[in-house]
Colleague: 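Structure incoming, see below.
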Protein chains: 2
Amino acid sequence: MPGVWKAIAGKPESYDLLKAAAVSPNKLALTALPKAGFPFMPSDISAKIAGSKTFLRFGLHKAEQLYGFGLNFQTVNQRGRILYLHVDHYGGSDNGRTHAPVPFYVSSKGYGVFINTARYITVYAGTGVRKESKDAPSEQNRNTDKDWNAQPYSDAVEILVPSSGVEIYIFGGPTALDAVQRFNLFNGGGCLPPRWGLGFTQRVRSLSTDKEVEQEADEFSSKGYPLDFIGLEPGWQTRSYPCTYQWDSTRFPQPARFIGDMLERGIKLNLWINPYVSKHAPFYKSILPYTASHKVWNGVIPDLTLPPARKLFFGQLNKDQVEPGVSGYKIDEVDGYDNWLWPDVATFPGGVSAEQIRQTYGLLCQKYSTQIFYNKNKRTYGLVRGSNAGGVSFPYVIYNDYYKHEDFITALINSGFCGVLWTPEVRESATAAEWLRRMQTVVFSPMAMINAWSSGTKPWTYPEVAEQVKELALLRMQMMPYWYTAFARYHFEGIPPFRAVNLEEGFSEINFKDKSGNVNQDGPYPVAMLKDIKDEYMAGDYLLVAPLFGNDSSRNVILPKGNWYDFYTGAYAGNGEIITVSPGLDKIPVFVKDGAIIPMQPPMLHAPKPGEKTDIQFRHYGEKESSYKFYDDDGESFDYEKGVYSWRLVTMKKNKTEWVGTISEPEKDKPNTIGKVTWKQMGE
Amino acid sequence: MPGVWKAIAGKPESYDLLKAAAVSPNKLALTALPKAGFPFMPSDISAKIAGSKTFLRFGLHKAEQLYGFGLNFQTVNQRGRILYLHVDHYGGSDNGRTHAPVPFYVSSKGYGVFINTARYITVYAGTGVRKESKDAPSEQNRNTDKDWNAQPYSDAVEILVPSSGVEIYIFGGPTALDAVQRFNLFNGGGCLPPRWGLGFTQRVRSLSTDKEVEQEADEFSSKGYPLDFIGLEPGWQTRSYPCTYQWDSTRFPQPARFIGDMLERGIKLNLWINPYVSKHAPFYKSILPYTASHKVWNGVIPDLTLPPARKLFFGQLNKDQVEPGVSGYKIDEVDGYDNWLWPDVATFPGGVSAEQIRQTYGLLCQKYSTQIFYNKNKRTYGLVRGSNAGGVSFPYVIYNDYYKHEDFITALINSGFCGVLWTPEVRESATAAEWLRRMQTVVFSPMAMINAWSSGTKPWTYPEVAEQVKELALLRMQMMPYWYTAFARYHFEGIPPFRAVNLEEGFSEINFKDKSGNVNQDGPYPVAMLKDIKDEYMAGDYLLVAPLFGNDSSRNVILPKGNWYDFYTGAYAGNGEIITVSPGLDKIPVFVKDGAIIPMQPPMLHAPKPGEKTDIQFRHYGEKESSYKFYDDDGESFDYEKGVYSWRLVTMKKNKTEWVGTISEPEKDKPNTIGKVTWKQMGE
């Protein structure tokens, strides 16, 4: 593939992450990326095999930063860290155990490295000092040297893969974003959710009845809060932990009718499951030969590498739920923690080791549940707790039980480095202010989820912020065309819809000099080199989001080089500098790139249905004449794979003092969801 | 060996823990233990090899508790835990990463299991539920069952060893203590420190000069605080981190004279080192070919599996320090953490993997440093941060930087399950009360260490408790014959001098019924089954120590079955019950078994010198006529290995109302350190 180099060390294993995901690269899109040179000198890479293990080394330069190695929650730059990549719930420290411990890293120098293994690997991300290093630091004397350093400079990433061989992929740049795009496109491109997936979702308490769910939907509607899908927790089934995957007839006597009634309300349904099968499941006896040696909560574990197991398991979901109209799943407990899941001594009838199944179980669940919907030419958008490399194109968003708002933002940033999506969901809050602050980041995220089934909190629970929450939720709906296009670029071009500002053009180029020409140690780039930028992120093409937390009323924002404008007013905000903002409780600080064109639709309670037209206002920010590609398709099917989509070219030019917008004609035989078009130059 | 069964699964590796330690079992002592039957049914054990890994399974019964798996700090019963045994600094959770992750466990049912591997192994200590378990728990429905359990009952310990084979040793009982004794004797028996090792030690600040060290010693002496050895921190050397192992001539212009002057004061010297060699070390160039691929703090890492590396490294210690009279070492940083030590991708010229070297480096340092002293027929007693199975006989005590007083007690308890010694050293305290409380446990521990070189705290720093601290320190000295005999039993019989009350006869036999015949849910045994007993421990043959922490003024103490008496007064305290004690700030609660005979010498500032006689008062507690074996030898040499020691039989009998003590005659040609003998019936 263009700009992608594959190397093989020793004898790779027959099962790995790419084999589990089984997705084809998007070669056409890869070809469209800028040309890239191979990023290493031959002496900078080494691989050797010893004692059934593979030792890898990749050189590093001074001041190089490393991003990725999975969904970390507290750090962005991983250089200097040791990580043991292991699918697990996030336990509070960035040690490699996380929901998506993707063995891929991106360098600030503009390349990526991916180790295609489903083993637990140990990564020394620039920690070891080799005796033979050409760049070895000099010895210090701790007795007397004040500059003695507990962790001397290291010139390499070293990785221990516990197998006698492994496939390695190097992704070229020239920029770090190019390398990320290549990784994503190599994995089939990002997922394109249905339009409704980008609306609001709410989850209801486990033992809810059909009537209660309907009432919940009606309450959202009557109060004027948008809602696109509702999630049912374990109690929709007869039994859970382990599960039967059958509607409980006392709570849901007529599932098909219920699903239909909800769809008529404009509400899709998402069902919680975990993949551990009760002996009361209808397919229990048939699946038993295809299950692991060990059990989870006394349920059997299907070996999803085996076609008969998949047919039985996903066949039940299809027949009982998807066929009558259920729109997606929340796949729980495919991550950890160790005391709950199968031990590494478990065996699976397909012969893949317990460790490798653990690293890929979330992938397998995503892949084959998506397949049910794919077979019906119907998109889904669900939740999952465990993923890995290879899952870029699967339409699932990762969630967990860790709940630190600040760290949710860091996870959102890191999700963009490793080809996964992450939701900073809202569950409950200590104060109305916190509820609102959390809701603000929910609105600027891949899935706008209120996951308050346990606490019972509703969007309107805090009367003092209920109106602001509604306004925010409606802002999310107004921005749906912007989000949808951002996801289309994820799919077709590999650009993560939510990502680090470090990937922004103009970020690392900010020079050290302030306006007076002095070296500015407080400038964004020195700051980024000295500490992690982990509390602001890019959303879609143009937006820089800088959330506030808890009861904070102001914060610093690092603006990369280029003019930036206030999202709400269009006022100039800064350029390549650190600004302090105090936007009040109602607003989350959001900044827009010069020349941004942002499509907005009217506030709606549900995503537009296929064929439904909505008016679009194109907002233009700043002084730059610019163009924008607006993505359009039917919003629900996979017909876009057959070319049934269009990119409408939008331009904004200045005619003397007036801004004039144009949009290309709709393409023939392609869906066109744009109603009336209006234009707005922000700040005027 | 009697009561020890060895099994071999697959092809064990050529390097393992026992090979690293290279110690011979004490067959004679093993033979003297009670006969033991093999503790498992054949179907309860299984081993299989797959994919270069060994999967082990050992059955468990209901209500069986598991102890051991190394030096844990927060839990005693390990059943239900998952541990990844890895030599490391203790990081605050009992996950297997600790200073001595000994792969040995003891069951409350009276047997032990040891996995002889220097690999990182994963232990599922009763967590996995197998589909084919005969004892499988029944499925529950979380939707509605209130007794749904996140961790269902497991009937096995399962262990993953990442190698194609491994040696397994099973140690018979019949009691858990018997199994521990067998493990210890199999590893050569516990260490026997020199008498001075059981006195007080103080460490001084890193850049101290010889004069300052002498002043420090004189200050202890003039203030009347006992002191037997002083530790010098890194600055005794010309350079440290990495080290030169050469006296710094500006601070120590005449090392031999200084050592001699200190010895004349009755003070031995202990020197801090870590094993990472500076290029300024005199043997640097010679040792270079025998060092690892990676460096630590820019120092090279000797491959201590290679005789030339050992000769150079320990030869320097011998010539420069031991020969002039240094008495021991503090061996630092042979534990972790990962960012400092060599990565697992490092290679060692001897061909042993980095992982296996990591697991055994502390063992190797202990073994070959002890050898220097052994060659001079002179005992040593030092400090080390990393150890493992096989090191039972090495005269080193583990310390670390974790400093929670409560958890230090738990570590002390766990040390007794895994053949290591642990010191609950005192460094600094927030309050005078805490200083005194910490000093109280120091006095009832294997090494009475004030490790306050960094804080500069002295035993007398808090004037309000200075006298109490002195009294405590002198109590430690008075009890020296008791401690010395306890260590002799560790050496000759394998009984840990400090250990869990769970190993006490009469502990698990306590029945559930209270005095009225009702089932007593608050009784010691039910409590022990429900929660860990991790705040009280046995010290020597007879003492149950129940420390108080911080500003606490009272606590509960679980007394096993049998009559127990107050250590200070001899008053009856209880029998098979939970008592509450409030002994005041001056006293640490200590209880004595019925029939205990405790030898006490006069308070002294230094341990008796070889040949020096001390008066002994034998204290007798309770109503039981009893006997006691008093151990005696020269206290400093290894002549005891040639039989130059004696066990003097001491008895206490009641003659009508009067207690009469007898002691056997000293053996001919054996050292006799007993001066005048007196007797005291406590409580009278």
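Residue numbering restarts at 1 for every chain, and letters A, B, ... go by the order of the sequence lines. Just so you know, these numbers use all the heavy atoms, side chains as well, and skip hydrogens, waters and symmetry mates.
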Colleague: Rounded to the nearest 0.5 Å, how far does CG of B/N141 lie from OG1 of A/T244?
Modeller: 8.0 Å

Colleague: Could you go through B/E132 and A/K295, starting from their C-alpha distance and side-chain angles, then the distance that decides it, and tell me whether this counts as salt bridge (charged side-chain N to carboxylate O under 4.0 Å, His left out)?
Modeller: CA-CA 10 Å; B/E132 291 177 6; A/K295 299 197 280 184; over 6 Å; no

Colleague: Can you tell if the side chain of B/R239 reaches within under 4.5 Å of the side chain of A/R142, non-hydrogen atoms only?
Modeller: no

Colleague: Where on A/N149 is there a heavy atom nearer than 4.5 Å to chain B: the side chain, the backbone, both, or neither?
Modeller: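 Answer is backbone: N, CA, C or O of A/N149 sit under 4.5 Å from chain B.
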
Colleague: What residue, out of A/T127, A/L160, A/I82, has the most heavy-atom pairs lying under 4.5 Å from chain B?
Modeller: A/I82

Colleague: Is chain A contacted by the side chain of B/T347, its backbone, both, or neither, given a heavy-atom distance below 4.5 Å?
Modeller: side chain

Colleague: At a 4.5 Å cut-off on heavy atoms, which part of A/S278 comes close to chain B: side chain, backbone, both, or neither?
Modeller: both

Colleague: Please list, in residue-number order, every residue in residues 284-294 of chain B that has a heavy atom less than 4.5 Å from any heavy atom of chain A; write 'none' if there are none.
Modeller: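 Residues B/L288, B/T291, B/A292, B/S293, B/H294 are the ones that qualify, each having a heavy atom under 4.5 Å from chain A.
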
Colleague: Are side-chain heavy atoms of B/V345 and A/I159 found at a separation under 4.5 Å?
Modeller: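 A side-chain contact under 4.5 Å is absent here.
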
Colleague: Can you tell which part of A/L207 gets under 4.5 Å to a heavy atom of chain B, answering side chain, backbone, both or neither?
Modeller: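 Side chain only.
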
Colleague: In terms of heavy-atom pairs under 4.5 Å with chain A, which of B/T238, B/L341, B/I301, B/D248 leads?
Modeller: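 Heavy-atom pairs under 4.5 Å are most numerous for B/T238.
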
Colleague: So for A/Y84, is it side chain, backbone, both, or neither that comes closer than 4.5 Å to the heavy atoms of chain B?
Modeller: side chain

Colleague: Quick one: which of A/E158, A/R57, A/K131 has the most heavy-atom pairs under 4.5 Å with chain B, could you say?
Modeller: A/K131

Colleague: For residues A/S240 and B/N143, is any side-chain donor paired with an opposing acceptor at under 3.5 Å?
Modeller: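 There is such a pair (donor and acceptor under 3.5 Å, judged by atom type) between the side chains of A/S240 and B/N143.
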
Colleague: Taking the side chain as every heavy atom from C-beta outward, state whether B/P137 and A/N298 have any atom pair closer than 4.5 Å.
Modeller: yes

Colleague: Stepwise, does the side-chain contact (heavy atoms from CB on, under 4.5 Å) test hold for B/Y124 with A/D344?
Modeller: CA-CA 9 Å; B/Y124 303 87; A/D344 288 341; 3.2 Å; yes

Colleague: Please look at B/Q140 and chain A and tell me whether the side chain, the backbone, both or neither of the residue comes under 4.5 angstrom of a heavy atom of that chain.
Modeller: backbone

Colleague: Does any backbone or side-chain atom of A/E13 lie under 4.5 Å from a heavy atom of chain B? Answer side chain, backbone, both or neither.
Modeller: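 For A/E13, no heavy atom lies under 4.5 Å from chain B.
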
Colleague: With chain B, which of A/C243, A/P152, A/A150, A/G235 has the greatest number of heavy-atom pairs at distances under 4.5 Å?
Modeller: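 Greatest number of close heavy-atom pairs with chain B: A/A150.
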
Colleague: May I ask you to decide if the ring planes of A/W297 and B/W148 are parallel, tilted or perpendicular, using 30° and 60° as cut-offs?
Modeller: tilted

Colleague: Given that the side chain runs from C-beta out, which part of B/V129 has a heavy atom under 4.5 Å from chain A: side chain, backbone, both or neither?
Modeller: both

Colleague: Identify the two heavy atoms, one from B/S52 and one from A/S52, that lie closest to each other, and give their separation to 0.1 Å.
Modeller: OG-OG, 3.6 Å

Colleague: So does A/Q151 get a backbone contact from the side chain of B/N339, meaning a donor-acceptor N/O pair under 3.5 Å?
Modeller: no

Colleague: Of all of B/P242, B/A136, B/G299, which one pairs up most often with chain A through heavy atoms under 4.5 Å apart?
Modeller: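 Ranked by heavy-atom pairs under 4.5 Å with chain A, first place is B/P242.
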
